[in-house]
Number of protein chains: 2
Amino acid sequence: MFSALADPTRRRIVERLARGSLTVGEIASGFSIAQPGISKHVRILEGSGLISRQIDGRVHRCAIAPDAMQLVCDWIERQRRFWNAVLDRLGDAVEDSTERTGGK
Amino acid sequence: MFSALADPTRRRIVERLARGSLTVGEIASGFSIAQPGISKHVRILEGSGLISRQIDGRVHRCAIAPDAMQLVCDWIERQRRFWNAVLDRLGDAVEDSTERTGGK
DNA sequence: CAGTTATATAACTATATGGTTACTGACGAG
DNA sequence: CTCGTCAGTAACCATATAGTTATATAACTG
């Protein structure tokens, strides 16, 4: 799922889908890359569980999958906690060193 | 900076550096890949501004760069807001549809 | 039915990436 | 000075990835 979102084109697709569901053709019309390329990206996003597809006759309507979105949010929250902890630790280290050296 | 953190090996390097500064050799000893590979990763991390290097004789001591860490935290926070907004919108859509259909 | 449209699939290309080995240079110890 | 060590550079390799074009399949439309 992380690697699915690593590609900027796929992130843009998801961002567009966040505004509402779209068919594959509608997605493709927003990019300068050819339709088969979009099909690939959509397939990857679908395979990662990030989006779902409802086939309605010829058109495939794509939408963001709420469950996956929840996982994304959870994952980001974990990352946020981790990096903030790193940042805090760096802040402490700076304080320590400024104390030891008599400071700035 | 995002692409620098996209590689799992580089993330692990940063995680180890979060525990304290390390020389290139010390970093390399924690991985199964050869030293020149680590050198490359370190160079990429340094080029992205995520870590800094203090050359002390033969040894190169690496540490996380606080400024970049702040940027990472800011970026993650923006992402968190964005994806939570997407999630909220999806939640509303579900509510709407269940209202319309009389569904559970 | 024939023709058009929406999408997928196949085969290929180009490029980026992560890894390797071999070698080089700088520093420090004896 | 010589030798060993830490690290960087160069050249190369394998693989993955994003894109392409051409073709196939399936559903509408007249």
Side-chain angles (χ1 to χ4, degrees), chain A residues 1-65 68 71-72 75 79, chain B residues 1-65 68 71-72 75 79:
Chain A
M1 209 171 74
F2 176 83
S3 67
L5 283 175
D7 181 77
T9 300
R10 286 196 288 270
R11 276 199 302 276
R12 283 186 56 204
I13 291 177
V14 174
E15 285 170 22
R16 291 200 59 202
L17 285 177
R19 262 74 189 177
S21 71
L22 293 172
T23 69
V24 173
E26 287 167 344
I27 295 172
S29 70
F31 294 86
S32 58
I33 67 189
Q35 170 261 321
I38 298 295
S39 271
K40 278 195 190 181
H41 284 306
V42 168
R43 217 160 84 88
I44 291 171
L45 287 170
E46 194 186 11
S48 76
L50 277 164
I51 70 175
S52 62
R53 177 200 312 241
Q54 180 204 344
I55 300 177
D56 179 24
R58 283 182 298 185
V59 303
H60 295 203
R61 182 153 293 270
C62 305
I64 291 184
L71 289 177
V72 169
W75 183 84
Q79 294 298 311
Chain B
M1 211 170 70
F2 176 84
S3 66
L5 284 176
D7 181 75
T9 300
R10 286 195 289 270
R11 275 200 303 275
R12 281 187 57 202
I13 292 176
V14 174
E15 286 170 20
R16 290 201 59 201
L17 286 177
R19 262 74 190 177
S21 71
L22 295 171
T23 70
V24 174
E26 288 167 342
I27 295 172
S29 71
F31 294 86
S32 59
I33 65 189
Q35 171 262 322
I38 299 294
S39 272
K40 278 193 189 182
H41 284 306
V42 168
R43 218 161 84 85
I44 291 173
L45 287 169
E46 194 186 11
S48 75
L50 277 165
I51 71 175
S52 62
R53 178 198 315 239
Q54 179 203 345
I55 299 176
D56 178 23
R58 282 183 299 184
V59 302
H60 295 204
R61 182 152 293 271
C62 304
I64 291 184
L71 290 177
V72 168
W75 183 84
Q79 294 296 313

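The chains referred to below are lettered A, B, ... by the order of the sequence lines, with proteins before strands, and numbering in each begins at 1.
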Q: With DNA chain D as reference, determine whether G57(A) or K40(A) sits nearer its 5' end, using the nearest nucleotide of each.
A: K40(A)
**Q.** CD1 on I33(B) to NZ on K40(B), rounded to 0.5 Å
**A.** 10.0 Å
Q.
Main chain of I55(A), side chain of R61(A): is a donor-acceptor contact present, judged purely on distance under 3.5 Å?
A. no
Q: Nearest-nucleotide wise, let me know which of G37(A) and R61(B) is further upstream toward the 5' end of DNA chain D.
A: R61(B)
Q: Figure out the CD1/P separation between I33(A) and dT20(D), and round it to whole Å.
A: 6 Å
Q) Separation of Q35(B) atom CD from dA10(D) atom P, in whole Å? A) 14 Å
Q. Atom CD of E26(A) and atom C1' of dT5(C): how far apart are they, to the nearest Å?
A. 14 Å
Q. Heavy atom of residues 1-20 of chain A under 4.0 Å from DNA chain D: which residues?
A. D7(A), T9(A), R10(A)
Q) Of the non-hydrogen atoms in A63(B) and S21(B), which two are nearest, and what is the gap between them? A) CB-CB, 3.9 Å
Q. To the nearest angstrom, how far is R43(A) atom CZ from dA10(C) atom C1'?
A. 12 Å
**Q.** Check: dT7(C) base within 3.5 Å donor-acceptor of R58(A) side chain
**A.** no
Q. Does a side-chain N or O from T23(B) land closer than 4.0 Å to OP1 or OP2 of dA7(D), or not?
A. yes
**Q.** Residue-phosphate contact under 4.0 Å: H60(B) side-chain N/O, dA26(C) OP1/OP2
**A.** no
Q.
Please determine whether a side-chain nitrogen or oxygen atom of H41(B) lies at a distance below 4.0 Å from atom OP1 or OP2 of dG19(C).
A. yes
Q | Given dT9(D), dA6(C), dC6(D), the nucleotide with the shortest approach to the side chain of V59(A) | A | dA6(C)
